[in-house]
Amino acid sequence: MNPSESGLTRRELLQCAATAGVAVALGNSMSWGADAMDARPTIIDTNVSLFDWPFRQLPLDKTSLLVKKLRSLGVVQAWAGSYEGILHRDLSSVNQRLVEECQKYPELIPFGTINVTLPGWEDDFRDCISLHQMPGVRVYPGYHGYALDDPRFQELLKQAASQKVLVQIVVSLEDTRTQSHLLRVADLDLQPLSEVVKQIPDCKVQLLNARPRSPLLKQLEETPGIYFDTARVDGTDGVPNLIEAAPAGRILFGSHAPFLIPEAPLVRVYEARKLDAPALAALLSGNASRLLSTCRESQASAVRERKPEPLPTTIDAGQIHPGLPGQAQLKRYRIWDSYFTPSHSNPGRDGSSRLIADIERALPAARTGQFEKLCYFAHVGLGTTSDAQLEQLLREQPEVVLKPLERWPELLIGMMQLNANDVPASLAALDQWIKNGPMRGVYFASSGPGAQVCTHSNFNPLVERIGELNGVIMQHTWFKTGGKGGPGESTPDDLVVLAKRFPDQQFLCAHAGGEWEQGIRAVRDCGNILVETSGFDPTAGFIEMAVRELGAERVVFGSHLPSRSLGTELCKVTCAQITEEEKFLILGENYRRLLAAQVAKAD
């Protein structure tokens, strides 16, 4: 039966489906079939934005392109704010344009912007609720310059509670390390929020792009009326762990598209394979539909009364992979991960137990991604940790370093963490672990006791010896807004200085410099530097720029599992607007060629 036969418009049909929290029949690709392999979960995305991001063009910044992508992922409803609301002060026209744009697409539900520091903000709120019939509004306290205990914000919450509408609080929009130096905005201080919300009965707020840590997270979770989204919750099991800790119904799916690649947060939902069917259905749509149903009745007047259907039980995170290519395609990519970081700072007091546990934690995601190889960075007793007892153990019992490689010989590739502050010991370790041992190269960190900026003269004898042993060099790099995070931190500019000293040595620029737009430009003319892809949010447009400026042959995939997620890192490449051949090069072939070239030089 099509929508016209049922008497429902397409918008009403979608709203009904979302309110029920179940799959809808919008074609075979989005319906529940008998075969779980064909099942597609219904999704309500509570965090998208329309119009232009102020600091660069995004691949999906046209609403038509964004909606097309959301539909392809199974999104039947998206709560949309406006990027114009961040910097514009004429919010009446901003909200009017948002409403007009959302009217073109039945999936989009407008959430107008309110700035309580502007004169007459109450009129903007009244227009959003009464004139535009919005179920909620969105605020940007960090960008608009007020704290959550500001009396004007408390008044907004009171008015929203009396009108039974939701207030979405944008905690962050971008990693503070990569913001434009012209507009640096700290992540919002959430400390006052619990007390503020407790004083306003029936108040409902949702935190967008939040990554709070305990004990603040526990305090927020224990406060009724505070909801969360998943857009920047990272780590291979970050979303399931948040759901487990929070009261039922308080975690809602959000993508932060188009700033972030929309597939990335979706993949995070199921990559750890920890959520059962009811939990998946509740997260992806049920919780949002229930929250929206508590908003003003007038806002939901277009939704027909309908007996709720039972939540689907055929969602199987081990079988369906929305947001990723099919398993056969992933296998064809032959993914080799150059930046696997289990227990990156300390492998455990016994030298291996914590490391092995973290590898096991990451394996479900690695299997979902069909990874062939994972390269990790071992501590070998060179003072690269601040644990003196561990360092002594690693020196006295070097066999403990080999335990992961012995347990997963076909899966793991080892590189050793080197300490540029101790040149004699590092030179000896190179002979022990690369010349005579199983390690394939070295990793230079930018933090911790072993860190040293890579322009330092200590690097010269180390890089020379690594070259003689045909080892691979991975150098941690970051361009950070506001300057370096410590005296031992290296930038891509620093790496260029080192690479020019050794033009015959290949270097891997970890994280493409973090702030990748500058990082890519910094290394562009230095052909013996390849950039690695991990370590920052799945910001849209990264891979496209890297391929355009460097060529796909100079880009190498890294996952940063398990501290980052499969969704965050793999989707950067698989969802990029590049050719399949370029994806094949980035996801494994370039790294295989690099390792093979080192072996060929040795032969």
Side-chain angles (χ1 to χ4, degrees), residues 59 236 260-264 266-268 271 321-342 362-377 408 410-413 415 440-441 472 474 506-512 516 519-520 523 529-598:
T236 189
L260 298 185
I261 298 166
E263 290 91 340
L266 180 56
V267 174
R268 288 194 209 115
E271 67 182 59
H321 301 91
L324 283 181
Q327 294 289 279
Q329 180 60 48
L330 289 170
K331 197 166 186 177
R332 282 193 291 271
Y333 286 140
R334 297 194 59 210
I335 299 172
W336 283 34
D337 177 5
S338 71
Y339 204 93
F340 181 46
T341 57
L363 286 180
R367 293 188 185 111
T368 296
Q370 291 290 318
F371 288 16
E372 275 192 14
K373 298 284 187 182
L374 301 159
C375 180
Y376 77 104
F377 312 125
W408 293 284
E410 300 302 319
L411 179 63
L412 297 183
I413 300 170
M415 294 173 69
R440 302 296 302 274
V472 174
M474 175 79 78
Q506 297 286 306
F507 295 86
L508 287 164
C509 177
H511 317 315
W516 46 269
I520 291 168
V523 305
I529 296 179
L530 294 78
V531 299
E532 182 271 332
T533 62
S534 77
F536 50 89
D537 287 347
T539 43
F542 158 49
I543 293 294
E544 289 88 341
M545 180 181 178
V547 169
R548 183 183 72 246
E549 298 294 328
L550 306 176
E553 296 80 6
R554 288 177 60 191
V555 185
V556 172
F557 170 71
S559 78
H560 218 296
L561 287 171
S563 55
R564 287 284 183 169
S565 74
L566 181 74
T568 293
E569 304 299 358
L570 186 56
C571 287
K572 289 176 184 175
V573 183
T574 59
C575 300
Q577 296 177 18
I578 58 176
T579 68
E580 286 299 302
E581 176 59 27
E582 288 166 336
K583 293 177 184 178
F584 177 79
L585 290 172
I586 294 169
L587 289 171
E589 182 62 16
N590 291 337
Y591 197 49
R592 283 190 293 276
R593 289 177 181 176
L594 181 60
L595 293 175
Q598 304 308 108

State, to 0.1 Å, how close Gly535 and His511 come at their nearest heavy-atom pair, and which atoms those are.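 Heavy-atom minimum between the residues: CA-ND1, 3.8 Å.
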Which atom names give the shortest non-hydrogen contact between Ser563 and Thr341, and what distance separates them? OG-OG1, 3.5 Å
Atom pair [atom1]/[atom2] of [X] and [Y] - distance to nearest 0.5 Å:
{"X": "Met545", "Y": "Ile520", "atom1": "CE", "atom2": "CD1", "result": "4.5 Å"}
{"X": "Arg554", "Y": "Asn590", "atom1": "CZ", "atom2": "CG", "result": "11.0 Å"}
{"X": "Met474", "Y": "Cys509", "atom1": "CE", "atom2": "SG", "result": "9.5 Å"}
{"X": "Arg367", "Y": "Leu330", "atom1": "CZ", "atom2": "CG", "result": "15.0 Å"}
{"X": "Thr574", "Y": "Ile543", "atom1": "OG1", "atom2": "CD1", "result": "10.0 Å"}
{"X": "Leu587", "Y": "Lys572", "atom1": "CG", "atom2": "NZ", "result": "12.5 Å"}

What pairs meet the ring pair (Phe, Tyr, Trp, His ring centres under 6.0 Å) rule with one or both residues in residues 576-597, with sequence neighbours excluded?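 Output for this query is empty, none listed.
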Suppose we screen for side chain to side chain contact (heavy atoms under 4.5 Å, CB included). Which residues come up paired with [X], at least two apart in sequence or across chains?
{"X": "Ala365", "answer": "Thr236, Glu271, Leu561, Leu566"}
{"X": "Leu411", "answer": "Leu363, Leu374, Trp408"}
{"X": "Cys575", "answer": "Ile261, Glu263, Cys571"}

Just to verify, what does Phe371 make a ring-ring contact (aromatic ring centres under 6.0 Å, His included) with, not counting sequence neighbours?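 Once residues adjacent in sequence are excluded, the partners of Phe371 under the ring-ring contact (aromatic ring centres under 6.0 Å, His included) criterion are Phe557.
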Looking at side-chain heavy atoms only, is the closest gap between [X] and [Y] below 4.5 Å?
{"X": "Thr368", "Y": "Val267", "value": "no"}
{"X": "Thr539", "Y": "Trp516", "value": "yes"}
{"X": "Ser534", "Y": "Glu532", "value": "yes"}
{"X": "Val547", "Y": "Ile586", "value": "yes"}
{"X": "Val556", "Y": "Tyr339", "value": "no"}
{"X": "Leu595", "Y": "Val472", "value": "yes"}
{"X": "Trp336", "Y": "Ile413", "value": "yes"}

Restricting to salt bridge (charged side-chain N to carboxylate O under 4.0 Å, His left out), what partner residues turn up for [X], sequence neighbours left out?
{"X": "Arg334", "answer": "Glu372"}
{"X": "Arg564", "answer": "Asp234, Asp537"}
{"X": "Glu553", "answer": "none"}

Side-chain donor or acceptor of Thr568 paired with backbone N/O of Pro538 under 3.5 Å: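 Such a contact is absent between Thr568 side chain and Pro538 backbone.
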Quick test of your reading: applying salt bridge (charged side-chain N to carboxylate O under 4.0 Å, His left out), list the pairs with at least one residue in residues 538-548, sequence neighbours left out, ordered by first then second residue. none
Not counting sequence neighbours, list each pair that qualifies as a salt bridge (charged side-chain N to carboxylate O under 4.0 Å, His left out) and has a residue in residues 580-589. Glu580-Lys583, Glu589-Arg592, Glu589-Arg593
